[in-house]
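Worksheet: the structure to be examined is printed underneath.
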Amino acid sequence: MTMQVEKLMHAVFFIAALVSIIAVALICIFLFANGIPAMREIGFLDFLLGQRWAPMNSPPSFGIFPMIVGSIYVTAGAIIIGVPVGVLTAIFLAKYCPAKLYRVVKPAIQLLAGIPSVVYGFFGLMVIVPFIRTYLGGSGYSILSASILLGIMILPTIIGVSESAIRAVPREYYEGAVALGATHERAVFATVVPAATSGILASIILGVGRAIGETMAVVMVAGNQARVPSSILQGVRTMTTNVVLEMGYAYGLHRGSLIATGVILFVFILMINLLFSVLKRRTNYGS
Amino acid sequence: MDKMMVKNLDLYYGDFQALDDVNLAIPENQITAFIGPSGCGKSTMIKTLNRMNDLIEGCKIEGEVLLDGKSIQELDVNTLRKRVGMVFQKPNPFPMSVYDNIAYGPRTHGVRSKAKLDDIVEKSLMDAAIWDELKDRLKKSALGLSGGQQQRICIARALAIQPEVLLMDEPTSALDPISTAKIEELVSTLKKEYTIVIVTHNMQQAVRISDQTAFFLHGQIVEHGTTAQFFSIPQDKRTEDYITGRFG
């Protein structure tokens, strides 16, 4: 009887594990089966490096270079804004924060992670966009707006992972440093934080993954013009927003090219995950 | 000449009294050993000498510790720790190169010149009797070394800031016998330049290397005196029981 229950449960666990693997496999098959032929039809280089996105023209052009650049710009912007704030917050939480304050700050940050992206989008639309329009000019729908918004959105990821990395650094390093007459600041910044570098890098990579894949919040504040921007105050379209904006009415090669955009995004994410696992493997502190 | 003096020291972790009216003189250029069973307060005592207990929440200290006749509470804590260096039970080299480990202290205290740092690193490694083994591997990570080498790196790192007193909290308890012998030999040579306090679990080690021995039990010093006298003619019954292995 127990043997049978055990076998049954074994099967249940196996099927449960299989579900996610099947999901990933199906997504890959779907993406590549639809995206690769479209890319081949457009021409791989014309697709990747084409400057012009005009799917409704005749003849149409399907260059997603502006979107690749757009994704890279807003992600880089998010990193520039989010990483310093996030890493410093993590250091504060792990090494400076009084216990009382921690009980307030930590749940607040966790709450930040739970806010739906459309709500972030609204916040961007109602606060960040008008702010930039008023003080920096332009329409406000811009790389800068998207970067600020994404910078805030990746904070919980960066703070959470960095904080655990810093906390995982053996206490002996800190003690060794202060025993040499180092101040708390020097012990933290010259010993503990460097020892947590690979974990902090991992948090940044996860943040990049989050930023590059974000769609809803970006579509609401980025302006969405499909061209290579020349200023951070100009609007920009990312790969994700390109798909979501046009998928509703696209058919034929246009539809295929949008799926192919998804393929490129997927490849970006794969590379990021690969980098993440390499760094994770390097996170050991010796014997 | 006494380098450090402990006067009427009581130490509490919260409600628990870990040290009870400790009085002790630590003579200059000698090796003072603290012995006693686990939990007797010997490690707590040594950590009090460079105020590492400050890091522990709920730790309260009454009484006085003097360094060259001056209360250590009145010294800036970082200056105190520069003058009173420490080597820990578990080797704890930083996850950086051998060179950067040794240079960490001097850099902390403002030495920037490359030539000067090179000199300090070389001298410290020589003093720690590990220069010959490591002179070609200065840029390699200190974490790749053996436990014994790591511990001597930690000694060199402590020597690099030229402390006056060197505290060693069971420095060989995590090491093999050969590394232990090397470190004991090293410690004996270091007393020419430094005042050394060593906590040890191992009575034979105290006999081999120390000049003074203090025996801790339940947070009190039962007996202390010169090592020769301490082990040959113990004054207290408990000392005799401990050193003859009747408990502990």
Side-chain angles (χ1 to χ4, degrees), chain A residues 87 90-103 106 161-204 278-287, chain B residues 46-47 49-57 75-97 100-110 124 141-147 150-151 153-154 156-163 166-169 174:
Chain A
V87 172
I91 295 172
F92 173 75
L93 288 179
K95 289 289 163 193
Y96 289 87
C97 190
K100 265 188 185 164
L101 187 59
Y102 190 85
R103 282 198 291 273
K106 187 69 183 171
V161 177
S162 291
E163 189 196 342
S164 347
I166 293 166
R167 284 191 190 278
V169 173
R171 199 181 153 69
E172 287 81 14
Y173 294 166
Y174 176 81
E175 285 179 349
V178 294
L180 289 168
T183 57
H184 181 65
E185 283 66 37
R186 179 158 167 86
V188 169
F189 283 92
T191 319
V192 177
V193 172
T197 307
S198 53
I200 292 170
L201 281 179
S203 82
I204 295 170
V278 168
L279 279 173
K280 219 166 119 190
R281 214 169 305 140
R282 267 186 24 198
T283 310
N284 55 3
Y285 301 104
S287 48
Chain B
I46 200 172
K47 284 187 186 122
L49 298 178
N50 67 343
R51 288 177 57 190
M52 286 300 279
N53 281 322
D54 288 14
L55 301 180
I56 298 166
E57 220 169 299
L75 286 170
D76 168 60
V77 69
N78 299 316
T79 312
L80 168 71
R81 290 178 188 152
K82 184 182 180 308
R83 293 176 62 189
V84 182
M86 186 165 212
V87 175
F88 295 82
Q89 182 171 0
K90 203 177 131 209
N92 62 343
F94 302 136
M96 37 179 105
S97 70
D100 288 337
N101 261 284
I102 312 300
Y104 188 96
R107 282 177 177 147
T108 298
H109 298 287
S124 307
S141 167
L143 296 186
L145 303 175
S146 75
Q150 289 190 4
Q151 193 61 300
I153 292 286
C154 293
R157 186 176 68 186
L159 298 181
I161 49 173
Q162 295 174 297
L166 188 61
L167 309 175
M168 308 181 98
D169 187 2

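Residue numbers begin at 1 in each chain, while the letters A, B, ... track the order of the sequences.
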**Request:** Go through the atoms of B/Phe88 and report whether side chain, backbone, both or neither lie under 4.5 Å from a heavy atom of chain A.
**Result:** side chain

**Item:** Spacing of CG belonging to B/Asn92 relative to CZ belonging to A/Arg171, to within rounding of 0.5 Å
**Value:** 12.0 Å

**Complete:** For B/Arg83, the salt bridge (Lys or Arg N to Asp or Glu O under 4.0 Å) test, sequence neighbours excluded, returns B/Asp68, B/Glu164

**Complete:** Scanning both residues in full, the closest heavy-atom pair of B/Arg157 with A/Gly176 reads NH2-CA, 4.1 Å

**Prompt:** So how far is it from A/Leu180 CG to B/Ile161 CD1, rounded to the nearest 0.5 Å?
**Reply:** 5.0 Å

**Prompt:** Can you name the nearest heavy-atom pair linking B/Tyr104 to A/Ala177, along with the distance?
**Reply:** OH-CB, 3.5 Å

**Item:** Structural part of B/Pro93 lying under 4.5 Å from a heavy atom of chain A
**Value:** backbone

**Complete:** Taking every heavy atom of A/Ala179 against every heavy atom of B/Met86, the minimum-distance pair comes out as CB-CB, 4.1 Å

**Pairs where residues 177-191 of chain A contributes a residue and the test salt bridge (Lys or Arg N to Asp or Glu O under 4.0 Å) is met, not counting sequence neighbours** = none

**Prompt:** Any chance CD of B/Gln162 has more than 12 other-residue heavy atoms, nucleotides or ligands included, within less than 6.0 Å?
**Reply:** no

**Request:** Check whether B/Arg107 gets within reach of chain A through its side chain, its backbone, both or neither, counting any heavy atom under 4.5 Å.
**Result:** both

**Request:** Looking only at non-hydrogen atoms, find the nearest pair between B/Phe94 and A/Tyr173 and report the distance.
**Result:** CE2-O, 3.2 Å

